[in-house]
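Naming: A, B, ... by sequence-line order, numbering from 1 per chain. Note that the structure is a prediction, hence the values are computed from the model and not measured. Basis for what follows: all heavy atoms, side chains included, without hydrogens, waters or symmetry-related copies.
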2 protein chains.
Amino acid sequence: MRKSGRPTMVDVAAEAGVSFKTVSRVINGQPNVDPAMAERVLAAVDRLGYHRNALAASLRSGDRDTIGFIAADLSNTFYMAIAAAVSSAVSRERMHLVMASSEEDAATERALALDLCQRQVGGLVVVPTADDHSYLQREVELGTPVVFLDRPGSGIPADAILLDNRGGARAAVAELLEAGHRRIAVLLDARSIYTMAERWAGVEEAFAAAGREPDPALVVEGLHTPAVARDAMLRLLESDAPPTAVFCANNRVTIGVLEAILPRGADIALAGFDDFELSHLLPRRIRIVDYDIAGLGRLAAETLLARRNAPATGSHTHLVPTHLVDRGGVR
Amino acid sequence: MRKSGRPTMVDVAAEAGVSFKTVSRVINGQPNVDPAMAERVLAAVDRLGYHRNALAASLRSGDRDTIGFIAADLSNTFYMAIAAAVSSAVSRERMHLVMASSEEDAATERALALDLCQRQVGGLVVVPTADDHSYLQREVELGTPVVFLDRPGSGIPADAILLDNRGGARAAVAELLEAGHRRIAVLLDARSIYTMAERWAGVEEAFAAAGREPDPALVVEGLHTPAVARDAMLRLLESDAPPTAVFCANNRVTIGVLEAILPRGADIALAGFDDFELSHLLPRRIRIVDYDIAGLGRLAAETLLARRNAPATGSHTHLVPTHLVDRGGVR
DNA sequence: TTGAAAGCGCTAACAA
DNA sequence: TTGTTAGCGCTTTCAA
């Protein structure tokens, strides 16, 4: 064994007294090897504690068995759940998932994506923060498939896996309108975020279908944290004409609203986009726009893996359905 | 550019009309390069859309800039949160995190760990499922540091990051005893799991300190899911002598217990190990054994990275403190 | 069935 | 300051 490093195929070959190509054959389970020789090689492998260097192997063969995942914000349980789903789908194909977070920063996203490409990933799943992805153009051309998740990318041909944001929001608000509510508050994060814009569009569609339109005084946007959403809700409750119902455009907003409503037992109908842990134990009934979050991650992984083998025949956008469910109402 | 593949340093050198070592120097920002030459190289890089192959680079240099993380179960938000923390700590050092899940299976854990070692990871963070890790002996000897997280490993010299399970459980139960409770139920997952054994030991210590011991009729173990925990709690509530307080040994058990208690408004004092999302919005007050979960992941990453540079001077076990907090009580 | 030689794309000595 | 020559550990021809 050389200079105290890890043993190599050459070391194993020397130990077993065979050519180093024979070792390669045995290690890779290739046919046409004399069982006796294989036996000797395996014994040498064992004695030396040899492990194949997968990086060196892929250098020559060009095989890529790693997939990159860039989340927008890993501290958000939504993206963590997706990462877990992508990971398990990827490992089912005996591949690995390398995970990173852009922290909602376009430059970071770009640096991470390019870095992962340099690491020769076989594909990239990206929750985009940047609004131009032409920096990936070259990589896609060279055969690294990219799949956008949760938000669409732009500037390159790549598949996208999106939620039916519009339909989900529309259905939730339509229900509130049908129940006779006329003062419906709509609380959102910044409308510059793709999902927020879509959900807001769904809200408008629901109002339009009922021949009405949202009351600007009851619409609050830019609610980026539960605390901010809570304060906004408190102000609405204390206004001259408080809402009788509220639609929360994501789970952070929903949580903030609950923080405002629950302590004072305000009597308001609740609907929100995104389910969350323990929603079923809430004391108040709430309608939730739910969807298969693990399925979202799985679909992304499968779409990506399919691209690896198939020719780039136009990009496709998958719309993952949402459905309304009841949560809470536990006394 | 050769056979339609990605451009290499040789291609860039040809394009720029310089030697390929000069390209290497420019790409790696090494000193002693004529600015004019660097300019020409950079232009060629741009024209060709060249990106350095980080795998090939590390093959020769031996640099390892990837850390492996093996969770016991990525569908558990606890491990996902840890993974996120490890990821961000690792990327702060400009390294990458490869994520995998053993699904609580020892053979899977072993296969994943060995696989990651073959991929030349610079270190391994493992939430162990196997109870013998001597299979990693060789890798540790060869300089791949291993850090165990949440549960101790065995058979190899490796650092461990553990929670103060015993102290946390003891404090929670001691408080119930001090409040005068005499019929305290203790609900656990299987005691064969390290954390459960430790927490149970903490419970016994608290009882012993009060000159008492747990009532076997009120101790239920093997509660692996919220549903099972809920049913166990319901049986206790309906028994002849129901408990006046309950200690839940992890958050799954706590959730099951809440599912049993909340709908019927049973008047029972609650304490549980592990915080969970939205615990602060629960209608019932509950004492929680809390800890810094992100810090746990960060500490694991930092301990691992420190090992990479330092000599293997004996393994160290870090005990992460826990503290009791109030949750819930929102009407 | 086995082996020798030539790469993969890069870094690291060494020379010029 | 620049270039040359060896490798890193493996896979892939191609010949024996």
*Strictly below 4.0 Å, heavy-atom distances to any atom of DNA chain D: list the hits from residues 57-65 of chain B, or just say none.*
B:Leu59, B:Arg60
_Between A:Glu104 and A:Arg151 (salt bridge meaning N to carboxylate O under 4.0 Å), is one present in this structure?_
yes
*Report the distance from atom CD of A:Gln120 to atom P of C:dG9, rounded to the nearest whole Å.*
9 Å
Can you pull every protein N or O that's under 3.5 Å from an N or O on nucleotides 2-4 of chain C?
residue, atom, partner, partner atom, Å
C:dT2, OP2, A:Asp34, N, 2.7
C:dT2, O4, A:Arg25, NH2, 3.4
C:dG3, OP2, A:Ser19, N, 3.3
C:dG3, OP2, A:Ser19, OG, 3.3
C:dG3, OP2, A:Thr22, OG1, 2.3
C:dG3, N7, A:Arg25, NH1, 3.4
C:dG3, O6, A:Arg25, NH2, 2.9

_Spacing of B:Gln118 atom CD relative to D:dC10 atom C1', expressed in whole Å_ = 12 Å
*For the helix from C:dT1-D:dA16 to C:dA16-D:dT1, measure the angle between the helix axis at one end and the axis at the other, each built from five pairs, rounding to 10°.*
40°
*Shortest non-hydrogen contact from A:Leu48 to A:Pro7?*
O-CG, 3.6 Å
*B:Val147 and its side-chain contact (heavy atoms from CB on, under 4.5 Å) partner, picked from B:Leu124, B:Leu305, B:Leu304*: B:Leu304
_Ionic contact status for B:Arg94 with B:Asp65, cut-off 4.0 Å_ = no
_Closer than 3.5 angstrom, by distance alone: can the side chain of B:Thr144 be matched with the main-chain N or O of B:Val140 as a donor-acceptor pair?_
no
_N/O donor-acceptor pair under 3.5 Å between A:Arg119 side chain and B:Ala54 backbone_ = no
*Rounded to whole angstroms, how far apart are CZ on B:Arg119 and C1' on D:dC10?*
13 Å
*Would you kindly give the CG-to-C1' distance between A:Leu55 and C:dG9, to the nearest whole Å?*
12 Å
*Between B:Gln30 and B:Ala56, who's closer to the 5' end of DNA chain C by nearest nucleotide?*
B:Ala56
*Check the distance between C:dC8's C1' and B:Asp11's CG and give it to me in whole angstrom.*
13 Å
_Over all atoms of both residues, closest heavy-atom pair of A:Ala85 and A:Gly297_ = CB-CA, 3.9 Å
*asked:* Checking the side chain of B:Arg298 only, and the main-chain atoms of B:Ile293 only, is there a donor and an acceptor separated by less than 3.5 Å?
replied: no
*Is the closest side-chain heavy-atom distance between B:Val121 and B:Ile67 below 4.5 Å?*
no
*Counting only side-chain N and O atoms of A:Asn53, is one of them less than 4.0 Å from OP1 or OP2 of D:dC8?*
no
*Only one of B:Glu139, B:Glu109, B:Arg110 passes side-chain hydrogen bond (donor to acceptor under 3.5 Å, both in side chains) with B:His133; say which it is.*
B:Glu109
*Would you say the side chain of A:Ile27 lies within less than 4.5 Å of the side chain of A:Val23, judging by non-hydrogen atoms?*
yes
*Could you tell me the separation between the CZ atom of A:Arg6 and the C1' atom of D:dC10, rounded to a whole number of Å?*
16 Å
